[in-house]
Amino acid sequence: MTEKEDSQRKQAKQNAQEAASALVKAIDSDPDDFHRYYNLGVFLTTSNSFEQAEELYMKALGLFQKNDKAKNLLHYGLGNAYYEAGEFQKAFAQFKVVEDTELKSSAYLMIAQTYMAQDDYKNALVFSLTAQDKHKQDPTINGLIGEIFLAMGDFTHAATYYDEALKADPKNGKYQFERGIIALVLDEDETEYFKQAQKLDPAYFEKGQQRLVDIEKFIQTRNESKDEK
């Protein structure tokens with residue numbers, strides 16, 4: 001590690017500690033605001049401090065057990081912590097008790113992602129379509145549905161949903177790359193999709209190069225089989 005990298009790492013650690021300290025102080029200054037517990041829980045989750053996040057959410061659920069709005073948000077936050085920790089069954093249990101209208105679609109989306117993480121594409125599709133019902137233009141939901149159809153080998157439907165996602169979020173490099181993969185399989189022009197993907201998200205584009213090689217091999221084999229017939 002270079003001196004510069006070491007300095008950056010120490011600075012990042014210090015910034016994280018300061019952010020955590022500020023969130024704790026926010027709770028101390030107003031312990032009756034459940035949003036502050038949720039915010040700290042999100043920070044702990046994104047910092048990979050899953051056990052601390054779980055402990056905080058469980059404590060908060062005990063404090064706000066008579067507040068339905070608080071319970072819904074805290075169960076949702078705890079579900080996200082379990083999901084990020086790879087504890088999918090625990091995540092299911094939390095997301096499924098969310099009843100708040102505003103959070104319901106987000107909970108369904110997380111349930112879909114949890115099924116997706118376990119390669120259960122059928123259930124992932126059911127819950128993602130349910131989440132999409134009231135959010136037709138949401139690029140995150142449409143992108144996930146596209147990803148599910150792609151995983152299932154249904155390239156036509158995958159293209160439809162990625163196209164919808166890109167209408168709302170054309171600068172998403174991941175969606176551009178995945179749509180390029182689909183274009184290759186469907187014998188469409190993939191050039192612009194990959195050009196945009198490389199420009200918008202070079203890291204994702206680079207990461208996907210092996211998949212691209214595999215897809216090209218698949219297409220070559222498919223075409224050779226057609227020629228033989």
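Only heavy atoms go into these numbers, but all of them, side chains included; no hydrogens, no water, no symmetry mates. This is a predicted model, so every value here is computed, not measured.
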**OP:** Applying side chain to side chain contact (heavy atoms under 4.5 Å, CB included), run through Q113 and E147 and close with a yes or a no.
**Re:** CA-CA 10 Å; Q113 290 179 326; E147 183 180 352; over 6 Å; no
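- For K134, the NZ atom is loosely surrounded, since the number of other residues' heavy atoms within 6.0 Å does not exceed 12.
- In this structure the side chain of L184 reaches within 4.5 angstrom of the side chain of F194, judged on heavy atoms.
- Using a 4.0 Å cut-off between charged nitrogen and carboxylate oxygen, D68 and K71 count as a salt-bridge pair.
- To the nearest 0.5 Å, atom CG of residue L44 and atom CD of residue E51 are 11.5 Å apart.
- Residues Y204 and E178 have side chains in contact (heavy-atom distance under 4.5 Å, counting atoms from C-beta outward).
- Side-chain atoms of Q210 and D214 include a donor-acceptor pair closer than 3.5 Å.
- Within the 3.5 Å criterion, the main-chain N or O of A26 finds no donor-acceptor partner in the side chain of D30.
- Residues I148 and S128 come closest through the heavy atom pair CD1-OG, 3.5 Å.
- Looking at every heavy atom in both residues, T130 comes nearest to V126 through OG1-O, 2.8 Å.
- L150 and M116 sit in two unconnected hydrophobic clusters of ILVMFWY residues. Membership requires side-chain heavy atoms under 4.5 Å apart, directly or through other members.
- Under the 4.5 Å side-chain criterion, counting only non-hydrogen atoms from C-beta, E87 is not in contact with F50.
- Surrounding CD of E55 are at most 12 heavy atoms belonging to other residues, nucleotides or ligands under 6.0 Å away.
- Considering all non-hydrogen atoms of both residues, G143 and A165 come closest at N-CB, 3.8 Å.
- Within the 4.5 Å cutoff, the side chain of R179 has heavy atoms near those of the E188 side chain.
- Between Y57 and Y38, the angle of the ring planes lies from 30° to 60°, which puts this pair in the tilted group.
- Residues L125 and I145 are in side-chain contact: their nearest non-hydrogen atoms beyond the backbone lie under 4.5 Å apart.
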Original post:
Is there a side chain to side chain contact (heavy atoms under 4.5 Å, CB included) between L200 and N172 once you walk through the steps?
Top reply: CA-CA 7 Å; L200 296 166; N172 190 303; over 6 Å; no
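- Atom OG of S106 is separated from atom CG of D138 by 8.0 Å, given to the nearest 0.5 angstrom.
- Heavy atoms of other residues, nucleotides or ligands lying less than 6.0 angstrom from NZ of K136 number more than 12.
- Smallest separation of non-hydrogen atoms from G146 and A158: O-CB, 3.5 Å.
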**OP:** Could you walk me through whether Q176 and F205 pass side chain to side chain contact (heavy atoms under 4.5 Å, CB included), step by step?
**Re:** CA-CA 9 Å; Q176 293 283 3; F205 180 83; over 6 Å; no
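- Taken to the nearest 0.5 Å, the CZ atom of F34 stands 13.0 Å off from the CG atom of L63.
- The structure places NZ of K96 at 14.0 Å from CE of M110, a figure rounded to the nearest 0.5 Å.
- Annotation: side chain of F177 is not in contact with side chain of Y193 (no heavy-atom distance under 4.5 Å).
- With hydrophobic clusters built from ILVMFWY side chains whose heavy atoms lie under 4.5 angstrom apart, M152 does not share a cluster with V185.
- Hydrophobic clustering keeps L103 apart from I141 (ILVMFWY residues linked when any side-chain heavy atoms are closer than 4.5 Å, directly or through intermediates).
- Heavy atoms from other residues, nucleotides or ligands lying under 6.0 Å from NE2 of H157 number 12 at most.
- No hydrogens or angles considered: a donor-acceptor pair under 3.5 Å links the side chains of Y121 and D119.
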Subject >> Criterion side-chain hydrogen bond (donor to acceptor under 3.5 Å, both in side chains) on Q132 and N142, from CA distance to verdict >> reply: CA-CA 7 Å; Q132 193 232 21; N142 284 323; 3.0 Å; yes
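- D133 is not listed as a side-chain neighbour of Y108, based on a closest heavy-atom distance of 4.5 Å or more.
- Distance NZ/K174 to CG/L166: 12.0 Å, rounded to 0.5 Å.
- Contact of the S29 side chain with the R36 side chain is registered, since non-hydrogen atoms from C-beta on lie closer than 4.5 Å.
- Taking all atoms of both residues into account, the shortest heavy-atom contact from S105 to A131 is O-CB, 3.5 Å.
- Taking every heavy atom of both residues into account, L61 and L74 meet most closely at CD2-CB, 3.7 Å.
- A side-chain donor-acceptor contact under 3.5 Å links Q118 to the backbone of T114.
- Of the residues listed (Y83, F88, F127), the one engaging I111 in a side-chain contact (heavy atoms from CB on, under 4.5 Å) is F127, and it is the only one.
- Annotation for Q209: atom CD counts as buried by contact number, over 12 foreign heavy atoms lying within 6.0 Å.
- A donor-acceptor distance shorter than 3.5 angstrom exists from the side chain of Y175 to the backbone of P139, with no hydrogens or angles considered.
- Grouping the Ile, Leu, Val, Met, Phe, Trp and Tyr side chains by contacts below 4.5 angstrom, directly or via other members, places Y76 apart from V97.
- Separation of the Y115 and F92 ring centroids falls under the 6.0 Å cut-off.
- Checking side-chain atoms of D100 against main-chain N and O of K69 turns up no donor-acceptor pair under 3.5 Å.
- How far CG of L78 is from CZ of F95: 8.5 Å, rounded to the nearest 0.5 Å.
- Here the side chain of N39 pairs a donor or acceptor atom with the backbone of H35 at under 3.5 angstrom.
- Other residues, nucleotides and ligands place no more than 12 heavy atoms under 6.0 Å from the CE atom of M58.
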